[in-house]
Colleague: 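Take a look at the following structure, please.
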Amino acid sequence: MINQNWKRNLSKINLKGNKKHMTMIPKFPAVPDLTNEQIEELTIEVFCNDQKIKKADLIFVFGSTDPGAFQKTLDAYQKGIIKEILISGRGATHGKKHESWMDGSKSEAQSIKDKLLLNGVPEEIINIEDRSTNSKENVLYSKQIFDFSNISSLLFVSKCHAAGRQYRTLRKYLPNNIEMGPYSYETIINGIYINQFNWMLYPESRSLIFGEYLRILYYSHKGDIECVKGIVNGLESYIERIFEG
């Protein structure tokens with residue numbers, strides 16, 4: 001069990017990071033040598049692959065310019081595993097858009113909705129929130145337009161390597177009784193689809209996943225997402241050095 005491998009409570013780790021320092025954590029940071037046990041723990045924390053549900057009242061879509069966001073949402077509808085759709089996101093204020101993006105200044109949420117409508121999804125089951133620019137806003141602004149007390153289960157669409165952070169964001173702000181799990185899509189790096197089974201095989205994906213883990217720790221310590229139980233065993237000193245900045 002993963003809990004047996006958490007060495008210390010996160011509150012005891014000297015994370016001095018602040019918003020300014022957070023920008024210094026690169027998307028592809030240097031990665032320490034990892035044991036098989038650490039790889040297993042990082043996979044669970046980052047990909048959220050221990051949270052699984054088969055059907056849900058709602059699918060919550062974290063907006064993205066990646067076509068995977070639309071494709072996974074449509075797939076869930078066509079399989080009949082969701083009843084209603086909520087798409088959230090104006091778009092990030094930084095970062096590059098996906099190379100396939102053709103919708104100019106249109107919000108990510110509106111773009112995904114338009115594609116769903118073109119593929120036969122009825123408009124009456126689609127809700128959109130198009131003001132948010134980050135994951136925390138995705139959830140908080142969505143609460144202003146959707147009553148989550150009326151659902152008991154939720155699937156969420158995100159990039160697979162962001163699923164752990166998105167799951168904790170939803171857990172932080174939504175009712176505790178909602179059962180939830182990821183319905184995620186893969187990211188392509190150097191022509192390879194990266195997922196929970198192969199990320200450890202390539203230097204670029206090892207760096208990407210470790211960077212995502214650092215963000216989970218940072219936002220957990222900051223209070224923006226549900227708190228993790230601690231640092232992966234054996235990485236405490238390395239993590240402290242990074243956040244001492």
Side-chain angles (χ1 to χ4, degrees), residues 23 26-28 46-48 56 58-146 154-167 169-170 181-196 198-199 202 204-205 207-209 211-212 215:
T23 63
K27 185 174 183 180
F28 294 96
V46 172
F47 289 88
C48 195
L58 175 75
I59 192 162
F60 186 104
V61 186
F62 285 93
S64 174
T65 61
D66 192 308
F70 149 69
Q71 292 164 355
K72 289 298 287 189
T73 307
L74 180 62
D75 179 69
Y77 169 76
Q78 291 177 335
K79 288 180 177 176
I81 62 174
I82 49 98
K83 299 176 182 177
E84 201 164 358
I85 299 168
L86 196 165
I87 313 164
S88 177
R90 184 182 78 191
T93 56
H94 59 277
K96 294 173 58 178
K97 296 184 184 299
H98 192 274
E99 59 185 13
S100 67
W101 179 259
M102 300 289 289
D103 284 338
S105 60
K106 184 184 293 187
S107 74
E108 294 170 354
Q110 187 63 54
S111 174
I112 294 171
K113 177 182 178 179
D114 290 347
K115 291 180 175 67
L116 292 174
L117 293 174
L118 287 173
N119 283 270
V121 179
E123 186 168 16
E124 57 266 26
I125 72 166
I126 303 176
N127 307 272
I128 71 166
E129 176 287 304
D130 59 2
R131 296 187 297 128
S132 56
T133 60
N134 58 54
S135 298
K136 180 179 178 180
E137 289 181 355
N138 285 147
V139 181
L140 293 180
Y141 292 173
S142 292
K143 290 177 68 175
Q144 297 176 11
I145 62 118
F146 188 87
L154 175 153
L155 286 167
F156 65 91
V157 173
S158 72
K159 294 177 181 176
C160 61
H161 69 269
R165 179 163 49 87
Q166 311 295 42
Y167 172 79
T169 306
L170 291 162
Y183 201 69
S184 52
Y185 53 95
E186 299 173 353
T187 299
I188 300 176
I189 299 180
N190 294 335
I192 299 172
Y193 283 94
I194 300 302
N195 55 48
Q196 61 182 315
N198 69 0
W199 70 267
Y202 312 102
E204 294 88 351
S205 53
S207 182
L208 176 70
I209 299 317
E212 185 60 34
R215 285 164 178 77

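Remember, it's a predicted structure, so these values are computed and weren't measured experimentally.
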Colleague: Does any non-hydrogen side-chain atom of I194 lie less than 4.5 Å from one of Y202?
Modeller: yes
Colleague: Can you list, pair by pair, the side-chain donor-acceptor contacts under 3.5 Å of residues 155-164, counting residues two or more places apart and other chains?
Modeller:
from : atom 1 : to   : atom 2 : distance (Å)
H161 : ND1    : T187 : OG1    : 3.2

Colleague: How many angstroms lie between atom CZ of R215 and atom OG of S135, to the nearest 0.5 angstrom?
Modeller: 11.5 Å
Colleague: Mind checking the OH-CG spacing from Y167 to L154? Nearest 0.5 Å is all I need.
Modeller: 10.5 Å
Colleague: Drop me the distance from I126's CD1 to I59's CD1, to the nearest 0.5 angstrom.
Modeller: 11.5 Å
Colleague: Step through the shown structure and confirm whether more than 12 heavy atoms of other residues, nucleotides or ligands are within 6.0 Å of CD on Q144.
Modeller: yes
Colleague: With a 4.5 Å cut-off on side-chain heavy atoms, are L58 and F146 touching?
Modeller: yes
Colleague: Is any side-chain heavy atom of W199 less than 4.5 Å from a side-chain heavy atom of V46?
Modeller: no
Colleague: Does any N or O in the side chain of N198 come within less than 3.5 Å of the main-chain N or O of Y193, such that one atom is a donor and the other an acceptor?
Modeller: yes
Colleague: Any donor-acceptor pair under 3.5 Å linking the side-chain atoms of D75 with those of Q71?
Modeller: no
Colleague: Run I81 and Y183 through side-chain contact (heavy atoms from CB on, under 4.5 Å) and show every step you take.
Modeller: CA-CA 11 Å; I81 62 174; Y183 201 69; 3.7 Å; yes
Colleague: Got F62 and S132 here, is their nearest side-chain heavy-atom distance under 4.5 Å?
Modeller: no
Colleague: Hey, what do you get for CG (D66) to CD (E186), rounding to the nearest 0.5 Å?
Modeller: 11.0 Å
Colleague: Kindly indicate, with the supporting measurements, whether the criterion side-chain contact (heavy atoms from CB on, under 4.5 Å) is fulfilled by L117 and E123.
Modeller: CA-CA 7 Å; L117 293 174; E123 186 168 16; 3.7 Å; yes
Colleague: Quick one, N119 with F70, criterion side-chain contact (heavy atoms from CB on, under 4.5 Å). Give me CA distance, side-chain angles, the key distance, then yes/no.
Modeller: CA-CA 10 Å; N119 283 270; F70 149 69; 3.4 Å; yes
Colleague: Check whether any side-chain heavy atom of I85 sits under 4.5 Å from a side-chain heavy atom of I112, and report yes or no.
Modeller: no
Colleague: Does any pair with a residue in residues 128-137 pass salt bridge (Lys or Arg N to Asp or Glu O under 4.0 Å), and if so which ones, sequence neighbours excluded?
Modeller: K136-D224
Colleague: State the OG-CD distance between S105 and Q110, to the nearest 0.5 angstrom.
Modeller: 11.5 Å
Colleague: Measuring only between side-chain heavy atoms, which start at C-beta, is T169 closer than 4.5 Å to N138?
Modeller: no
Colleague: side-chain contact (heavy atoms from CB on, under 4.5 Å) with T65: which residues, sequence neighbours excluded?
Modeller: K97, H98, W101, E108
Colleague: Give the intermediate values and the outcome of side-chain contact (heavy atoms from CB on, under 4.5 Å) for residues L116 and I87.
Modeller: CA-CA 11 Å; L116 292 174; I87 313 164; 3.8 Å; yes
Colleague: Any non-hydrogen side-chain atom of D114 less than 4.5 Å from a side-chain atom of K106?
Modeller: yes
Colleague: Atom CD1 in I188, atom OG in S205: separation rounded to 0.5 Å?
Modeller: 13.0 Å
Colleague: If you draw a 6.0 Å radius around CZ in F28, do more than 12 non-hydrogen atoms from other residues or ligands fall strictly inside?
Modeller: yes
Colleague: In the structure I gave you, are the side-chain heavy atoms of F60 and L170 within less than 4.5 Å of one another anywhere?
Modeller: yes
